[in-house]
Protein chains: 2
Amino acid sequence: MDEAGLPLPLYHRVYLVLRQQVEEGRFDPAVKMPGEHEFAADFRVSRITVRRALEMLERDGLIRRKRGAGTYARAPGAAAPQRDNLRGLLENLLTMGLRTQVRLLEFDYVPATAEVAGLLGVVPGASVLRAVRVRSTEGVPFSHLTTWVPEDVGRRFGRDDMAEKPLLALLEQHERIARAEQTISAILADATVAPRLQVEIGAALLWVRRQVFNAEGRVIEAIDSLYRPDLYTYQIGLVRDGGLWSPQSADS
Amino acid sequence: MDEAGLPLPLYHRVYLVLRQQVEEGRFDPAVKMPGEHEFAADFRVSRITVRRALEMLERDGLIRRKRGAGTYARAPGAAAPQRDNLRGLLENLLTMGLRTQVRLLEFDYVPATAEVAGLLGVVPGASVLRAVRVRSTEGVPFSHLTTWVPEDVGRRFGRDDMAEKPLLALLEQHERIARAEQTISAILADATVAPRLQVEIGAALLWVRRQVFNAEGRVIEAIDSLYRPDLYTYQIGLVRDGGLWSPQSADS
DNA sequence: TAAGGTTGTCTTTCACATAGAACAACTGGG
DNA sequence: CCCAGTTGTTCTATGTGAAAGACAACCTTA
């Protein structure tokens, strides 16, 4: 059985894992990387499969191989996406006041699936507004947002409003937003979102699902957010408070 | 179809396209869907390929097929269960009071890498205690924890302590824990953690990195946690507070 | 120079993906 | 009732993914 749900070829999964590790700087360019036989044993695959993955990495310019000598990771280089600028980019987003571009890909009224109906607290099949947006910074997409809103709430604004203003601002024109519930998880990029986020199918994405409640306790919005982990992370501070943790701050 | 070199099997690409269309309500449940031959012509694939996609859709409960009669989409509300156990198991963990087993895989003093040194606030190469644990519930592993502690802190307890008590409890015997910083992201399962978490290589994992500070502001502990997204999610409540979100509660 | 390790290249074998085709079993409408 | 249309089933054939192994070419080091 394929737990991942995506029937990606073995060599491609090995490639994705190794590429992630090389890009993280996990291999010192001055130290010989593990040999093909060793990788094959680690991954429990044949050497041919490892070789296919390594050939792809070499074409990407991420590693250097030489017969008899071994395989070496390339130096991170100037444009290296180290883990430091992870935080950097998040802080940029916040301090710059979210200087990002938003592209509206879909905006339609659709019948609610069972899952969406459960999130919004409507009956399955009820008409709901679904909008899909991609948010970018400097032309690079980093988040993929799918939003569902009950029909009566959605009718208060149109497609143009959504392309310009944040949805939350639109909602707050008519509603008192009280609280939200978030579930954070991870998921693989599928064929739909991968090109929109400019990642490969099978790449790891941060998955945040949020329900927004108004003052009456009604769900007025459900958001499914997918983030590129190399460009966006979720940061939380916790304070120790009598044997328990309580949160201190989160993003907005 | 898509000849962009994507390594997804054809039948799976057809499945993804059709699933999206069915979920969007594009097929009236009262009207016969196009026949297998017609789909094959539309997608420019063989009928066998179309049939595999349709079989998957039928297993998902999204369509109904009958020999001689045809294929019909099911009513929008009748979608497959799919991701219910996400929330289910998490609630189990909390209500059962975290009835989990912990297995200590590694317990060693190692020289700090540059990355770990940065997290702990020590010089690179300094000796630090590294422990790797896997936490399971009912025999199923759901989290993989790598912990680093400065040497002088780690010397206060031994391997046996760690196998029994939570690390935080051990630390609080001698320290005043003040706060923590968490970074939440996503990462692919590599050859090391995949077997320990009983997932496939290349599966998506939830990645939480935590720095724990004592009252003096020193980093006492750094934790790298990997969670199986099908068994564990991170939940946060937010309250709307004067145009901003502030957190309400988190896990501990 | 010699030895051992590393990547490059070539087998063989098996399983699966896909195409193309024919036929069987079944349904609904004229 | 019969027939056209639909899904179910079973063939053949080809290409790719993958494992396992053997050997060649090459580099580094003792």
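Keep in mind that the numbers below use all heavy atoms, side chains included, and drop hydrogens, waters and symmetry copies.
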Salt bridge present between R133(A) and E106(A) (N-O < 4.0 angstrom): no

Classify the side-chain pair R103(B)/S136(B) by whether it contains a donor and acceptor separated by less than 3.5 Å. no

Taking for each residue the nucleotide of DNA chain D with the nearest heavy atom, is it E58(B) or Y11(A) whose nucleotide lies nearer the 5' end? E58(B)

Whole-Å gap separating P (dA18(D)) and CZ (R44(A)): 18 Å

Start at the 5' end of DNA chain D and walk down; is the nucleotide closest to R51(B) or to V50(A) reached first? R51(B)

Rounded to the Å, how far apart are R52(A) CZ and dG8(C) C1'? 16 Å

Annotated protein contacts, base or backbone, on nucleotides 22-28 of chain D with a non-hydrogen cut-off under 4.0 Å, one of B, S, - each: B--BBB-

Could you tell me how far apart Y72(B) (OH) and dT27(C) (P) are, to the nearest whole angstrom? 13 Å

For dG8(C) and R65(A) - does any side-chain N or O of the residue sit under 4.0 Å from the phosphate oxygens OP1/OP2? yes

In whole angstrom, what separates I48(A)'s CD1 from dG17(D)'s C1'? 10 Å

Could you tell me the separation between the CD atom of Q182(B) and the CZ atom of R209(B), rounded to the nearest 0.5 Å? 12.5 Å

Here the distance between atom P of dT6(C) and atom CD1 of I63(A), to the nearest Å, is 15 Å

Cation-pi geometry met for R155(B) and Y109(B) (6.0 Å, 45°): yes

Is there a donor in the side chain of W148(B) and an acceptor in the side chain of D224(B), or the other way round, less than 3.5 Å apart? no

Between dG17(D) (P) and E55(A) (CD): distance, integer Å: 12 Å

Angle between ring planes, F39(A) versus F27(A), binned at 30° and 60°: parallel, tilted or perpendicular? perpendicular

Would you mind checking if R51(A) and E36(A) are paired as a salt bridge, meaning a charged N to carboxylate O distance below 4.0 Å? yes

Could you check how far NZ of K32(B) sits from C1' of dC26(C), rounded to whole Å? 12 Å

N or O in side chain of S46(B) less than 4.0 angstrom from dT18(C) OP1/OP2: no

With no hydrogens and no angle check, just 3.5 Å: does a side-chain donor-acceptor pair link Y15(A) and D60(A)? yes

What's the shortest heavy-atom distance between S225(A) and L145(A), and which atoms? OG-CD2, 3.3 Å

To the nearest Å, give me how far apart CD1 (I201(B)) and C1' (dA18(D)) are. 14 Å

Sub-4.0 Å heavy-atom contacts from residues 34-41 of chain A onto DNA chain C, ordered by number: G35(A), E36(A), H37(A)

